[in-house]
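Note on naming: letters A, B, ... go to the chains in the order of the sequence lines (proteins, then strands), and numbering restarts at 1 for each one. The figures here come from the full heavy-atom set of this structure, side chains too, leaving out hydrogens, waters and symmetry mates.
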2 protein chains.
Amino acid sequence: MTSNQIKESARNHFSENGYDGTSMSQIADDVGIKKQSIYTHFKDKDKLFLEVCKDVFADELSFVMNFIDSNKTRPIEDFLFDFLLQYKERYAKNNSTKFWLRISFFPPTHLYEQAMKYVYEYLDKLEELFVPVIGKSMSEGEISSIIGAERATAAFLGVLDGVFVEMLYGGSERLQKRLDASWYLFWRGLSND
Amino acid sequence: MTSNQIKESARNHFSENGYDGTSMSQIADDVGIKKQSIYTHFKDKDKLFLEVCKDVFADELSFVMNFIDSNKTRPIEDFLFDFLLQYKERYAKNNSTKFWLRISFFPPTHLYEQAMKYVYEYLDKLEELFVPVIGKSMSEGEISSIIGAERATAAFLGVLDGVFVEMLYGGSERLQKRLDASWYLFWRGLSND
DNA sequence: ATCACCCTTCCGAACGTTCGTCAGTATATA
DNA sequence: TATATACTGACGAACGTTCGGAAGGGTGAT
């Protein structure tokens, strides 16, 4: 299906160069068609972009839900740390995450609201999914319960974003250093005395 | 001086809409001149952008150095937390920081190296400035010295980036929540037992 | 098996617009 | 008179988009 090839190429270009930095001809060249042919599949550039948004949103969310579902019985320390690791790995080989970060931080101005709807939905869902997991590990005494599940979750998502940022910079030894340090202090803060 | 007006307007537009999303005519309109007149002051768009980069880099760096210099004798807890607060405040009213975040995360592709030179210089300097401050507070027993000054600094800069990210999303109650949570757990991890 | 028909997909050509940039000229200041 | 600044006008290039038509496959009637 050409539509999917177009969306995939679009995702790659958008994630590397943003909305304005990506032209319809670049996408078309990738697929091996002329730019006019894209309009057979998508009404216009905005619509294409928003469809990619929707797909990526679904991708990211299903990754998270999938991870939680298949790891929720593990010790919370492994669970959280592995989540960071897997997201890091995912970013390295998967353009969805790169695209996602780009539009989360700097969506194209004229599509701000429509793009951010997905972003906020993702962020809310992320919190909604993590709070009960962390809450459970508190009530079971794995980690200190003085902190509160909501606060611990918020801080963990902060660590996640800090790692994301370092991924954007590109240096892998830098990234490793931040991951180690952030996790070390986060976990130290979370632990029972 | 018109040059400065041009740079200021350019900084605003670049920070809001990025390099590609900003046109010379928008900048010129802001200043009240024709776009061609910009070329009296700057060779081309790239040169203008890079000059803004340089200025902003200097701005950000001098903010940090200034803060450190006038706060380094305070307790480390106040010192670090106030740094987060002041950067938050700075972001709200100062377009330098917004521009800085944008080009740090997603510099224009064809200027990647030249822009990232500033970014890396900033990041290195930031670490270089914080390590001794945190190290000193460790040797004085304010915080646990098992952690190591480098690791504590790396984690703190992670917290900072996590806060930056939440600033980009725009919601102020979200930002407050993250700031509180991230700081709470970071400080809990940093404290002596 | 053939024909006519439709529908999907793609392309050539062109549209109007905007972009960054250059050359030449006017105006004001010193 | 020299210099700095801003102007008018125009340029080629790239952009997103539209239109008309060509090629192909599928379907149903003959």
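- The aromatic rings of A:Tyr169 and B:Phe105 lie tilted to each other, with the angle between the two planes from 30° to 60°.
- Atom C1' of nucleotide D:dT18 and atom NZ of A:Lys34 are separated by 18 Å, given to the nearest angstrom.
- Under the 4.5 Å side-chain criterion, counting only non-hydrogen atoms from C-beta, B:Leu157 is not in contact with A:Glu166.
- Between B:Asp55 and B:Arg11, no side-chain nitrogen of the basic residue sits less than 4.0 Å from a carboxylate oxygen of the acidic one, so the salt-bridge criterion is not met.
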Which letter, B, S or -, goes with each nucleotide of nucleotides 13-30 of chain C from 5' to 3', with contact meaning a protein heavy atom under 4.0 Å?
B-----BBBB--------
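- Between the CZ atom of B:Phe42 and the P atom of D:dA6 there is a distance of 11 Å, rounded to whole Å.
- Note that B:Lys117 lies outside the cation-pi zone of B:Phe57, set by a 6.0 Å cut-off to the ring centre and a 45° limit from the axis.
- For A:Phe67 and A:Tyr87, the gap between ring centers reaches or exceeds 6.0 Å.
- One finds no side-chain N or O of A:Ser37 lying less than 4.0 angstrom from the OP1 or OP2 phosphate oxygen of C:dT9.
- Remark: B:Arg174 engages A:Asp124 in a salt bridge, criterion side-chain N to carboxylate O under 4.0 Å.
- Between B:Tyr122 and B:Trp100, the gap from one ring centroid to the other is short of 6.0 Å.
- Of the residues in residues 5-16 of chain A, not one comes within less than 4.0 Å of DNA chain C through any heavy atom.
- The shortest distance between side-chain heavy atoms of A:Phe81 and A:Leu85 falls below 4.5 Å.
- With rounding to whole Å, B:Ile33 atom CD1 is found 17 Å from D:dA4 atom P.
- For B:His41 and D:dA4, the shortest distance from a side-chain N or O to OP1 or OP2 is not below 4.0 Å.
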